[in-house]
Each structure stands twice: as structure tokens, then as C-alpha cells.
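Values below: every heavy atom of this structure, side chains too, minus hydrogens, waters and symmetry copies.
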Amino acid sequence: MKMGKKILASLLAVLTVGASICFSAGCTGNVDQLVAEQIALLNKQKADALLSSKVRLSCDENGEFNIVVLADVHAGGPIAEENKNNFRNLIDEEDPDLVIFTGDNTHSADEASLRATLDSIVGYIEEKQIPWCHVYGNHDHESGMSKEELQVVYESYDYCVSKAGDPNLTGVGNYVLPIYEYNSDKINSLVWCLDSGHYLSSEDKAALIPQIDNDFSGWDGLEYDYIHADQVNWYYQTSLFFEEYFNDIIPSIMAFHIPLQESYNAWRNRKAFDNWTGEKRDPVGASQINSGLFTAVADRGDVLAIVNGHDHLNDYMVEYSGVKLCYSPGSSTHGYHETDMLGSRVFKMNTNDRYNIETYVHYFNR
């Protein structure tokens, strides 16, 4: 919204100057053309800013683009060799074009320890020159470094394409990444990344008294944060802007850490749907507060899959109201885990079938 106000102010300033020049030169008939040209210019500037990326993401010559997701690495220092080997084998076997870390990535008290940790996690990815990005979980900031401080270190890596995003939005790391068609400037798809926060504020908790009577066998979200209204609005308005600018609803994947309430509803009603896979061994750690992100996504119709981590022992996917709600299971032995559940969610996209995203879990020990 604030970006929109800035653009409007810039447009008015440009039009005031342009119109005065036109009037003084006797060219009042060209004002409409001037307005159209300036709007087009400002829209291009806005699109370029939103879709900037340090490393270009593009489909291969076969029109394919592969993503692997690593959730809940929970590394407080260099990761164990077992995890290094699992990550290396994953990269070699799936040959991803992008790696997404969906939060609770590291626990670091200072820059030196964070770099040592990240070097052990992304060293092979950087060596292979594969772009990677991340969102934050509820634990990343708890060891002493703020998200703003963490972000500076993350972005210093050559192939990290994460962005801090608009500082006026709730959280750090609300951004969107474009995936281009092979050898083209045409956008094939988008990856939306959002910060789902950490824990409810005291104000939020007070507003929930008396608390909802949760079914603790399936949903355990008494303390967890949520994606706030300003973030939902940013996604919705940006999605609308892209549709108008590109004259296209661009198929997308969305990634964040804490699952939505709809993830639990989808699992509970999974047998009513044709497309579901996986297991639920953990309660769904969704927030008690539903800020309407899923409603916004369903209304826009561009996000085809949502992926989160947070609950290490869930690996299920349910296609719910046209959206694949996906868990990526815990990927590391540093967090609580069960050996057979360790793995990575994989997404396969193709230029020739843009609105059909294939997904499955790559297990490390099956």
C-alpha cells in the first residue's frame, strides 16, 4: 500500500510537470498519451523492483524447473556428516534449479557461528552454483541474532536469492521470485516467500480469551504466530498487479514455515478429495488466528501449491480447493525426527504444462 502511495505521488509530480510543459507548448491533445506513457513507465519500475533477483531463475531447454525444499535443519553449528551426505545426495539425484529452506534453519549467536553453520549447510549448493532461498521459522532468531542481522549474512552468499522485502511489512523476508522460460524474458511462474513469524503477542493472546477448544490430537496452535493482514494484503495486491501488468495469471508456489489452519482441515477431510498423499504423525502447529491467507490465495487462483515445515513428522499433501497444501518433513537429525521420515519435498514444473505442478517427497532412508 505504501509503495502504491509513493508511485501515485511520483505519477502526480510527473504529470504536473508534463502537463505544464504541454499547455505552455500548446500540445494539450497529448496529455492522455503522456499519462499512459508515465503509467507504463512507473508500472515497469514497480515490476522490475518486485521481480529483481541476484541470480536468474529459468527453466532448462526442456522447459523444466525443479525445486527441492529443506525444512527444519535446526543447525546450531556445522551439521553432522550424515546430514551433509543426505543433502549432497539429494542435490545430485534431484538436480534442482532452486533450493528453498522453509525455516528453523539455524541457531546462531553471532556472525562467525552463523557463517560456519551456513557453510556446512549450503556449501555444496554454492559449489554447484544452484540458487537457494529461505524463510524464517519460529526459532531462527532465538539465539541472539535478529532476523535483520541474519538476513545480511544470508544474502552475502553468491547464490542466495532471498530478499529482505519491504521493511514496512510484518516480518523479514516477504518477497517474490520470478522463474523465466528457457532463453526468454517471459515469466513462466513465481515463488512467493513469506515470514510466518514466531509466537503470538500478548495482545493477540488477550484477544483470544476465552481460548478456542482445540482438538489436541490433530491441531496444536495455542502459541504460534500467523501471517499478518498487511502481508496478506501485500500478496493479494501484488498478485493483482502482476495479472494486470503481464495480462496473465502466473502459476505460483508459496513457501513459509508455520502451517495454515486449512492444512489441518484438509487432512481431516482428506478422504473427500481425490489427490492426497503421505502421513500425519505430528499435531498441526497452526496458529489460533486465521488471517485469511488461504482465502486470498483461493480467490486469486495463482498459487497452485503451498509448502511449509514446522511439524517435523508430517509429510502429507492434500489438494484442497485447488491448492496443494504440502508439508516438507524434517530434513535433519539436529531437530526431533524419525529416521524414515527424514526427507525433502520436491516440486517439478514445466513450461508445457504450467498449471500442473508435480510434487513428492524424496526420503533419505527409504
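The side-chain heavy atoms of Leu118 and Val153, taken from C-beta on, include a pair separated by under 4.5 Å. Ile357 is listed as a side-chain neighbour of Ile253, based on a closest heavy-atom distance under 4.5 Å. Residues Tyr235 and Val176 have side chains not in contact (no heavy-atom distance under 4.5 Å, counting atoms from C-beta outward). Here the side chains of Phe101 and Asp72 are not in contact, with every heavy-atom distance at 4.5 Å or above. Taking the side chain as every heavy atom from C-beta outward, Tyr124 and Asn85 never approach each other to under 4.5 Å.
Remark: Asp315 does not engage Lys280 in a salt bridge, criterion side-chain N to carboxylate O under 4.0 Å. Looking at Asp97 and Lys348, no side-chain N of the basic residue comes within less than 4.0 Å of a carboxylate O on the acidic one, giving no salt bridge. Checked for salt-bridge contact, Asp340 and Arg281 meet the test: a charged N lies under 4.0 Å from a carboxylate O. Using a 4.0 Å cut-off between a side-chain N of Lys or Arg and a carboxylate O of Asp or Glu, Lys163 and Glu155 do not qualify as a salt bridge. The existence of a salt bridge linking Asp48 and Lys44 is confirmed by a sub-4.0 Å separation between a basic side-chain nitrogen and an acidic carboxylate oxygen.
For the 3.5 Å distance criterion, the side chains of Asp225 and Ser287 fail to qualify, holding no donor opposite an acceptor. Residues Ser162 and His134 have side chains that bring a donor and an acceptor to within less than 3.5 angstrom of each other. At a cut-off of 3.5 Å, with distance as the only test, a side-chain donor of Glu142 or His139 sits close to an acceptor on the other residue. Using a 3.5 Å distance cut-off with no hydrogens or angles, the side chains of Tyr180 and Asn188 do not pair a donor with an acceptor. Between the side chains of Asp92 and Asn89, no donor N or O sits under 3.5 Å from an acceptor N or O. If you check the side chains of Ser156 and Arg115, you find a donor sitting under 3.5 Å from an acceptor. Side chains of Tyr157 and Asp119: a donor-acceptor N/O pair is present below 3.5 angstrom, by distance only.
The distance between the ring centers of His257 and Tyr136 does not fall below 6.0 angstrom. When ring centroids are compared, Phe273 and Tyr320 come within the 6.0 Å threshold. A ring-centre distance under 6.0 Å is not found for His107 and His334.
In this structure, Arg345 forms no cation-pi arrangement with Tyr360, as its terminal cationic atom is not both closer than 6.0 Å to the ring centre and no more than 45° off the ring axis.
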- [ ] Please step through side-chain contact (heavy atoms from CB on, under 4.5 Å) for the pair Val135 and Leu194, ending with a clear verdict.
- [x] CA-CA 7 Å; Val135 294; Leu194 298 173; 6.0 Å; no
Open item on the list: side-chain contact (heavy atoms from CB on, under 4.5 Å) for Tyr264 and Leu325? Distances and angles first, verdict last.
Closed with: CA-CA 10 Å; Tyr264 176 52; Leu325 292 173; over 6 Å; no
Open item on the list: Please determine whether side-chain contact (heavy atoms from CB on, under 4.5 Å) holds for the pair Gln288 and Tyr224, giving the CA-CA distance in whole Å, both sets of side-chain angles, and the decisive distance to 0.1 Å.
Closed with: CA-CA 7 Å; Gln288 281 196 75; Tyr224 292 116; over 6 Å; no
- [ ] Evaluate side-chain contact (heavy atoms from CB on, under 4.5 Å) for His312 paired with His74, printing each intermediate quantity in order.
- [x] CA-CA 11 Å; His312 303 192; His74 279 281; 3.3 Å; yes
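Across Thr339 and Asn365, no two heavy atoms sit closer than the pair O-ND2, 3.1 Å.
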